[in-house]
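When reading the values below, keep in mind they use all heavy atoms of this one structure, side chains included, and skip hydrogens, waters and symmetry mates. Every number for a ligand or one of its atoms is a count from 1 in the order of the listing. All values derive from a computational prediction rather than experimental measurement.
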Amino acid sequence: MRILLTNDDGIDAPGLAALADAVRPHADVLIVAPATEQSAVGHAITIHDPLKVSERYHGSELFGYAVHGTPADCVKLALCSLMSQHPDLIISGINNGANLGTDIIYSGTVSAATEGTLLGIPSFAISINSFDRRAHFETAARAARHLLTLVPHPHMPAGTLLNVNVPDLPWDQLKGWKLTVQGRTKYVENYERRTDPRGNAYYWIAGTLVETDENPDADYRAVKNGFVSLTPLHFDVTNYDYFAAARTRLETSLNPPDEAARG
Ligand code: MN
């Protein structure tokens, strides 16, 4: 099995090292990750600048390739240029911080896995519910290893990825696994206004998470209750209910049957 690993916390992040340690005994692993932290860059790609790539060594061992770009850049570049053969699986993570609810939109971690599925490779993103650099990465790494044999899953439709979120707990304190849906999280947005040493104002995002979703299947609820959350995602963002409900009415009013009525 060939596996491509990437992340958005950067190639030196502890979560990526833990993930690499966990999957290397079971697969042929290549790491292509951003040279610097790219959290919350979403699905951005670099189009106006060259993508510099450098080898990164741990001691005398090649750890992986550091790309001066985004997570989506890393996946594209790996598949188009750096890998002689396509991988069987792409794993993005282990992100330092959960990717739940609406956070998914901004997540570079999830976007790398989305890019993988857009390019036809089974992919999952994995995050731990803690911003502490000493989080229980070994728990999330063990969860990733369990998923190696389940993703690619024969029944998983093309273009679908798994978004995995792991509670920050020792392995034996996990309650189990839950298949979940994207929760409808909401933030109270707030920008703190500060002043720099030269007297100029600057702003720093300081939103507070408010949970508004009572759905028992919501992703953040599973993680809060001690379960590993698995959310199947896909990138078709069409609102099919509205499409079906509004198609006839909107098309009829926008396309008058009588040519003269078009004015
Ligand atoms: Mn991150």
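Contact annotation: Asn95 places an N, O or S atom under 2.8 Å from the Mn ion (ligand 1). With a cut-off of 2.8 Å, the Mn ion (ligand 1) has an N, O or S atom of Asp9 in range. With 2.8 Å as the limit, Ser127 does not count as an N, O or S neighbour of the Mn ion (ligand 1).
Of all N, O or S atoms in Asp8, the one lying closest to the Mn ion (ligand 1) is OD1.
For the 3.5 Å distance criterion, the side chains of Thr180 and Thr231 qualify, holding a donor opposite an acceptor. Side-chain contact of Asn7 with Thr109: a donor-acceptor pair under 3.5 Å is absent, judged by distance alone.
Of all the heavy atoms in Ser107 and Asp8, the pair that sits closest is C-OD2, 4.4 Å.
Atom CZ of Phe63 sits in a crowded spot, with more than 12 heavy atoms from other residues, nucleotides or ligands closer than 6.0 Å.
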